[in-house]
Amino acid sequence: MDKSPLEEKTASLNFIEALIEKDIQNHKNGGRVHTRFPPEPNGYLHIGHAKSICLNFGLAKKYNGKCNLRFDDTNPVKEDVEYVDSIMEDVRWLGFEWNGEPLYASDYFDQLYVWAEKMIVDGKAYVDEQTSEEIAAQKGTPTVPGKESPFRNRTSQENLDLFRRMKAGEFNDGEKILRAKGDMASDNMHMRDPIMYRIIHKEHHRTGDKWCIYPMYDFTHGQSDYLEGITHSICTLEFEVHRPLYNWYLDQLVEPGYRPQQIEFARLNLSYTVMSKRKLLELVQKNYVSGWDDPRMPTIGGIRRRGYTPEAVRDFADRIGVAKRDNVIDVSLMEFCVREDLNKKAARLMVVIDPVKLVIENYPAEKTEWVEVENNPEDPASGNRMMPFSREIFIERDDFMEEAPKKYFRLTPGGEVRLKGAYIIKCTGVKKNASGNIIEITCIYEPESRSGSGTEASQRKIKGTLHWVDAKNALPVEVRLYDRLFNHEDPGGQEDDFKNYLNPDSLKILSNCMAEPSVKTLKIQDRVQFQRQGYFCVDYDSTPEKIIFNRTVTLKDTWAKVAAKE
RNA sequence: UGACCCAUGGUGUAAUGGUAGCACUGCUGAUUUUGGUUCAGCCAGUUAAGGUUCGAAUCCUUAUGGGUCAACCA
């Protein structure tokens, strides 16, 4: 039986959970927990949003509460339905289902308008008709107090009339705005007569041409939370300074009592990538990547296409924790999470990425036999499969060296190696072309050494085991080797352009890889392990004629480290 | 030269006045028909100085460092 979260004293809580548990114990809001994920539909979601999604939906789940999906769509200039659909897809892919229908801040435009008029009638808001430059100039700076607008003391009647005419479309964009009467000397810039409404003659993706005035974020978010009965309104640190305004608007508009509480946490930063919408957009627009879902992008679409599982992403979100201090998570933690998940789930396959032909001289020319190999040693239920084996096979070019360092235990001239699932072979020579490149390796095999035969020869201890593919039955496939997009830990935080730190080797396309015949049964997005190499998934571009794999992540490679040191 | 927020190993995160722990990374070693997995172990931390206290990572003060705030963006 699951214990209630409140009884689980053993697990430590993050500061938001601690706060929520205190609220539940104090029976605040009747002990309800209701969160929301409030994206603006003006771009694609990235791994930072995934942290927020896991947090908000995860909290609701943990405390038997609800989590709304609410699109913060108050600016028709930037927003589009295209994004709404992709955001819903991403949230669902991560494995979460929102409470009821998707909600929209634009659903509350009528109520917000009523509230705006109330502010005017109460003498707490006024119509300003200065230019944005004038307003900015008189707003002061964080260290210099602002000055009051010359339009600040109009009568309520005049303000109401002007505001209604704004709504009626009598003015052009930017001609007039509605401002709240805050405090132009406040240390908090957001309290210096914040703008409530602006004129935008633009069709809205949901309300069409009903409105030509649109509320600002600050005049929308808290009220939306209030209307939805949100208890804990979780957002990132940069909204901390907005909190006084968030609370102030509600205090002006609604009866004392229930209030949603804004709580801020530190956004996710990941090493070796950029997260800002602007920079990601630039990568797409200038074709440094193939699109928003390029497998190198930190977007949820990119991560999905790369082959990450939702489970791995959720586990990652769990492990990075939630706190208020700025942080940079090492991307190797994310790689760890996906390896750990895929190790349990991914079927093993033999694929030779950089093939070189190997001929077994003492193996009959016409013979093909079938050998049995495990699908996944970590999952006995996954069973075994048969692979063809014959005189000519492909092995990895890296798995042979004419002059090898001491700890190299793959194939060398005169050396022995085991072909996984098949026989022990011994190298007898190499053939090279005119330019000195190896074109063929020759070996002899030990006929008694077949794997699983139980013979003494088959049980001999051999240091190296290679993956291989039967040449006659090999299927050529394309493999896209992805690596980190940037070769600097913090490409966005440098003096010069972040694009100077793009990793030139972030994508290598190899089109002559040789796969075992069973790859034919794979479908788009299937995830597998290429034995000894890494985890791969079948790309969207794949067709039955041309199978294409994306490398999700390499296997940990102890040898690569040793070799690099030599 | 203002207000607010933050400060624990390389990274991230716990310890809620009472033994500084966990994970990732890195490094050893064992096991292994994946140089994978698994297992065992190691390196490494409370920004500083005062104060309160029997006792401080935790509370207070100051300093230092980092972050946020001056869109008719969210």
Side-chain angles (χ1 to χ4, degrees), chain A residues 11-15 18 38-40 42-43 72-75 77-79 105 128 131-132 135-137 139-146 173-179 186-190 192 195-200 214 216-218 220-221 235-244 264 266 271 277 319-337 339-340 343-344 348 350 373-374 377-378 407-410 418-422 424 451-452 458-467 489 529-534 554-563:
Chain A
S12 64
L13 305 174
N14 65 48
F15 79 100
E40 183 186 14
N42 73 339
D72 222 334
D73 57 350
T74 58
N75 186 355
V77 175
K78 293 188 171 181
E79 294 147 10
D128 199 341
T131 65
S132 60
I135 290 173
K139 198 161 191 175
T141 70
T143 52
V144 179
D173 289 10
E175 234 175 275
K176 292 187 170 42
I177 52 162
L178 184 69
R179 294 178 81 179
S186 173
D187 284 323
N188 185 335
M189 296 291 288
H190 297 277
R192 323 243 266 223
I195 294 170
M196 295 164 61
Y197 268 88
R198 74 287 214 196
I199 300 170
I200 302 175
Y214 292 93
M216 299 285 291
Y217 165 85
D218 286 305
T220 306
H221 206 91
C235 61
T236 46
L237 245 33
E238 66 267 28
F239 289 96
E240 203 152 26
V241 280
H242 293 246
R243 190 175 356 121
E264 310 87 13
S271 63
K277 220 171 255 180
R319 287 170 184 268
I320 60 179
V322 178
K324 292 192 76 162
R325 87 184 84 147
D326 293 321
N327 61 85
V328 182
I329 306 291
D330 197 324
V331 69
S332 65
L333 178 61
M334 198 161 97
E335 294 171 345
F336 167 83
C337 291
R339 280 194 194 103
E340 186 176 63
N343 178 49
K344 291 176 296 195
R348 272 58 171 170
M350 294 210 208
V373 289
E374 290 173 295
E378 302 298 316
K407 286 196 202 148
Y408 186 85
F409 42 87
R410 303 178 186 178
R418 186 190 302 276
L419 295 174
K420 184 159 180 76
I424 294 170
S451 295
S458 74
Q459 287 166 0
R460 260 174 64 209
K461 293 287 175 203
I462 297 288
K463 197 70 171 151
T465 300
L466 307 187
H467 62 281
E489 247 183 55
Q529 183 196 96
F530 288 0
Q531 200 94 202
R532 300 209 298 137
Q533 310 204 73
T554 62
L555 254 29
K556 273 176 72 177
D557 191 347
T558 313
W559 168 245
K561 282 179 196 163
V562 175

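Throughout, protein chains are lettered first and strands after them, A, B, ... in sequence-line order, and every chain is numbered starting at 1.
- The side-chain ring of A:Y217 is not stacked on the base of B:A74, judged by centre separation under 5.5 angstrom and plane angle under 30 degrees.
- Under the Watson-Crick or G-U wobble criterion, with both distances below 3.5 Å, B:G2 is paired with B:C69.
- The residue A:V322 sits close only to the backbone: its heavy atoms come under 4.0 Å of sugar-phosphate atoms, none of a base.
- The partner of B:A15 cannot be assigned: no Watson-Crick or G-U wobble pair with both contacts below 3.5 Å exists in any strand.
- A:S186 and A:N188 are not linked by any side-chain donor-acceptor pair at a separation below 3.5 angstrom, with hydrogens and angles left out of the test.
- Base pairing annotation: B:U46 forms no Watson-Crick or G-U wobble pair, as no partner gives both donor-acceptor distances under 3.5 Å.
- At a threshold of 4.0 angstrom between heavy atoms, the contacts of A:S271 with the nucleic acid are absent.
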Given protein heavy atoms under 4.0 Å, the one-letter contact record of nucleotides 63-69 of chain B, with B base, S sugar-phosphate only and - none, is simply ----S-S
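- Under the 90° criterion around 0 for the glycosidic angle, B:A71 counts as syn.
- Closest contact between the side chain of A:R325 and the listed nucleotides B:U8, B:C5, B:U37 involves B:U8.
- In terms of polar N and O atoms assigned as donor or acceptor, the side chain of A:E378 never comes within less than 3.5 Å of the base of B:U38 in a complementary pairing.
- Comparing the C1' positions of B:U13 and B:G45 gives an interatomic distance of 13 Å, to the nearest angstrom.
- Residue side chain A:R532 does not reach the base of B:U34 through any donor-acceptor N/O pair under 3.5 Å, judged by distance alone.
- Side chain of A:K556, nearest nucleotide from B:G36, B:A74, B:C5: B:G36.
- With hydrogens and angles ignored, no donor-acceptor pair under 3.5 angstrom links the side chain of A:T465 to the base of B:U34.
- In this model, no side-chain donor or acceptor of A:R339 finds a partner on the base of B:U37 within 3.5 Å.
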